[in-house]
Engineer: 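First the structure, then my questions, so here it is.
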Amino acid sequence: MSAMRAVAFSPSNQWYDKIQTHFSNHPNRAINTNPHLQFNNTTQNQSNRRNLFPCFSTDASKTPNPPTPLTITSSPLVVVGSANADIYVEIDRLPKEGETISAKNGQTLAGGKGANQAACGGKLSYPTYFVGQVGEDAHGKLITEALQSGGVHLDHLSAVSAAPTGHAVVMLQSDGQNSIIIVGGANMHCWPEKLSDEDLEVVRNAGIVLLQREIPESVNTQVAKAFCSVFLARHFLQFVDQNAAGRSKAAKSAGVPVILDAGGMEAPISQELLNFVDILSPNETELRRLTGMPTESFEQISHAVVKFHKMGVKQVLVKLGSKGSALFVEGEEPIKQSVISAAKVLDTTGAGDTFTASFAVALVEGKSKRECLRFAAAAASLCVQVKGAIPSMPERKSVLNLLQSH
């Protein structure tokens, strides 16, 4: 028997360490210890399925963190989204039009908003599943290894042969700020018209779902609908005869946690998707682009948020960079959170993803919204002190230590 140390949340609203025992005869697949979760492991015709990446490590000297097992009281964080190989170039300044400049350094690291958020959940010792796609190439292997090392369940990470792994060029300046260009690759192509029953099943059994806009909106919509529908089937059977808008309204009134990170494609978000989103999380730039309204001051941000309230999104979590963050709940006063200062800012690339995922973890564990904001601020502060997106995701112990000192 081997014991695995994980972190759980107590009904008394206190963080604490708890020893959990996890038995496994299959090292690449976690045992379901939650009686409410019934995953379908029935063998299917392999010709109808995408290839699933096995868990592996290219460096035998490194022992990956095992995925955090589910407990009787825990429902997983499920992240559906993108996985990229981030090609970093370190520069003093951005090149001008028609100009060629030299980079001080360059390297390729695992990233992508979906993979970043999943890795963050795994490193915070919360049971986390990732649903996404990579290509059958070296970049796909790089991402798979990084997620495995972060303790993420990879049963639903697929490899597709018809598209390369998505990648991004990250132009990192000396002050830690960055500009990013994304090539979608497998993130935007080769998704099935309808997600598999296996993928939708893990979504239906989630405690909270995180989405981003670096994959097709049709995929996000399927996922959000599936999660809200099963929640209503379990808890609000009286709403089954309502139309989609009525069901989504009922789900939102119960606080069904579907969080959509607004980062990614520039196109407007469809009303169909927004109907099933409980929390929308843009940064200032994304909020300005999506609403067409100025976001220079807090008052302007507040007015822009109202536009989403009118579109049915009850909660908007705005990331304000060095100015902190704010949660706008319709009909309530905004909850503001200042930044927790970092000793030195090296790279802001994964800070927003760390913030959103940490907020989601704290929320599903039962923290108050104010406590969720503070927990997320601490995680983001640790993130910006390390280069790279996934490599910078903090462990829970580090976040708790920082919170104790502030």
Side-chain angles (χ1 to χ4, degrees), residues 50-53 58 78-91 103 105-123 128-150 152 154 156-172 177-191 210-217 219-220 223 260-267 281 283 285-286 347-357 383-384 386-393:
R50 297 165 290 167
N51 295 325
L52 297 180
F53 256 125
T58 58
V78 175
V79 182
V80 182
S82 59
N84 287 331
D86 288 345
I87 303 169
Y88 277 80
V89 288
E90 297 182 28
I91 55 179
N105 191 19
Q107 59 182 324
T108 301
L109 300 170
K113 294 188 72 65
N116 292 346
Q117 292 174 9
C120 183
K123 287 192 174 182
T128 302
Y129 284 80
F130 179 58
V131 181
Q133 294 188 157
V134 294
E136 295 179 342
D137 49 36
H139 284 164
K141 294 178 181 179
L142 172 73
I143 293 165
T144 303
E145 179 182 310
L147 289 171
Q148 180 199 9
S149 298
V152 179
L154 298 181
H156 303 273
L157 173 62
S158 301
V160 296
S161 59
T165 300
H167 60 277
V169 178
V170 182
M171 292 171 282
L172 180 63
Q177 299 302 311
N178 62 72
S179 299
I180 304 174
I181 302 172
I182 297 173
V183 180
N187 295 316
M188 294 301 297
H189 303 284
C190 303
W191 286 89
L210 259 178
L211 306 172
Q212 321 81 37
R213 306 191 69 214
E214 291 182 345
I215 61 173
E217 186 161 292
V219 177
N220 281 335
V223 170
L260 173 63
D261 189 307
M265 66 181 70
E266 297 185 12
S281 183
N283 60 27
T285 303
E286 292 154 357
D347 183 6
T348 61
T349 303
D353 295 328
T354 300
F355 182 91
T356 306
C383 168
V384 300
V386 180
K387 288 183 180 180
I390 289 179
S392 69
M393 302 297 168

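Given the structure is predicted, the values throughout are model-derived calculations rather than measurements.
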Engineer: Any sub-3.5 Å donor-acceptor pair from Glu145's side-chain atoms to Leu142's backbone N or O?
Structural biologist: no
Engineer: Which atom pair, heavy atoms only, marks the closest approach of Met393 to Lys123?
Structural biologist: O-CD, 3.1 Å
Engineer: For the residue pair Ala389 and Gly111, what are the closest heavy atoms and their distance?
Structural biologist: CB-CA, 4.5 Å
Engineer: Does the pair Arg213/Glu217 count as a salt bridge with the N-to-O cut at 4.0 Å?
Structural biologist: yes
Engineer: Between Val152 and Tyr129, does a side-chain contact (heavy atoms from CB on, under 4.5 Å) hold up when you go through it step by step?
Structural biologist: CA-CA 6 Å; Val152 179; Tyr129 284 80; 6.0 Å; no
Engineer: Please determine, by modelled atom types, if Thr349 and Asp86 share a side-chain donor-acceptor pair under 3.5 angstrom.
Structural biologist: no
Engineer: Is there side-chain contact between Pro216 and Met188, with heavy atoms separated by less than 4.5 Å?
Structural biologist: yes
Engineer: Let me see the working for Val384 and Asp347 under side-chain contact (heavy atoms from CB on, under 4.5 Å), right down to the final yes or no.
Structural biologist: CA-CA 5 Å; Val384 300; Asp347 183 6; over 6 Å; no
Engineer: Please examine the side chains of Val79 and Gln212, heavy atoms only from C-beta on, and report whether any two atoms are closer than 4.5 Å.
Structural biologist: yes
Engineer: Quick check for you: to the nearest 0.5 Å, what is the distance between Met171 atom CE and Ser179 atom OG?
Structural biologist: 5.0 Å
Engineer: Should Thr356 and Gln117 count as side-chain neighbours, where that means a heavy-atom distance under 4.5 Å?
Structural biologist: yes
Engineer: What are the two closest heavy atoms between Cys383 and Thr354, and how far apart are they?
Structural biologist: SG-OG1, 3.4 Å
Engineer: Report the C-alpha distance between Thr108 and Tyr88 in whole Å, list the side-chain angles of each, state the deciding distance to 0.1 Å, and finish with yes or no for side-chain contact (heavy atoms from CB on, under 4.5 Å).
Structural biologist: CA-CA 6 Å; Thr108 301; Tyr88 277 80; over 6 Å; no
Engineer: Do you know the tightest heavy-atom contact between Gly122 and Thr128?
Structural biologist: N-OG1, 3.5 Å
Engineer: Val78 versus Val131: any side-chain heavy-atom pair under 4.5 Å?
Structural biologist: yes
Engineer: Determine whether Asn178 and Thr348 make a side-chain contact, defined as any pair of heavy atoms from C-beta on separated by less than 4.5 Å.
Structural biologist: yes
Engineer: A side-chain contact here means heavy atoms from C-beta on lying under 4.5 Å apart; do Asp353 and Asp261 qualify?
Structural biologist: yes
Engineer: What distance separates Leu147 CG from Phe130 CZ, expressed to the nearest 0.5 Å?
Structural biologist: 6.0 Å
Engineer: When rounded to the nearest 0.5 angstrom, what is the spacing between CG in Leu172 and CD in Gln177?
Structural biologist: 9.0 Å
Engineer: Could you report the tightest heavy-atom contact between His189 and Ala163, atom names first, then the distance?
Structural biologist: CB-CB, 4.3 Å
Engineer: Does either side chain, that of Asn187 or that of Gln133, offer a donor lying less than 3.5 Å from an acceptor on the other one?
Structural biologist: no
Engineer: What distance separates Leu154 CG from Ile143 CD1, expressed to the nearest 0.5 Å?
Structural biologist: 11.5 Å
Engineer: Would you check if the side chain of Ser82 reaches a backbone N or O of Gly112 as a donor-acceptor pair within less than 3.5 Å?
Structural biologist: no
Engineer: Of all the heavy-atom pairs spanning Gly140 and Val134, show the shortest one and how long it is.
Structural biologist: CA-CB, 3.9 Å
Engineer: Any chance you could lay out the side-chain contact (heavy atoms from CB on, under 4.5 Å) test for Ile390 and Asn116, step after step, and finish with the verdict?
Structural biologist: CA-CA 5 Å; Ile390 289 179; Asn116 292 346; 3.4 Å; yes
Engineer: Under a 3.5 Å cutoff, is there a donor and acceptor pairing between the side chains of Asp137 and Thr165?
Structural biologist: yes
Engineer: With a 4.5 Å heavy-atom cut-off, do Glu266 and Glu286 have their side chains touching?
Structural biologist: no
Engineer: Between CG of Leu211 and OG of Ser281, what distance do you get to the nearest 0.5 Å?
Structural biologist: 12.0 Å
Engineer: To the nearest 0.5 Å, how far apart are CD1 in Ile182 and NE2 in His167?
Structural biologist: 10.5 Å
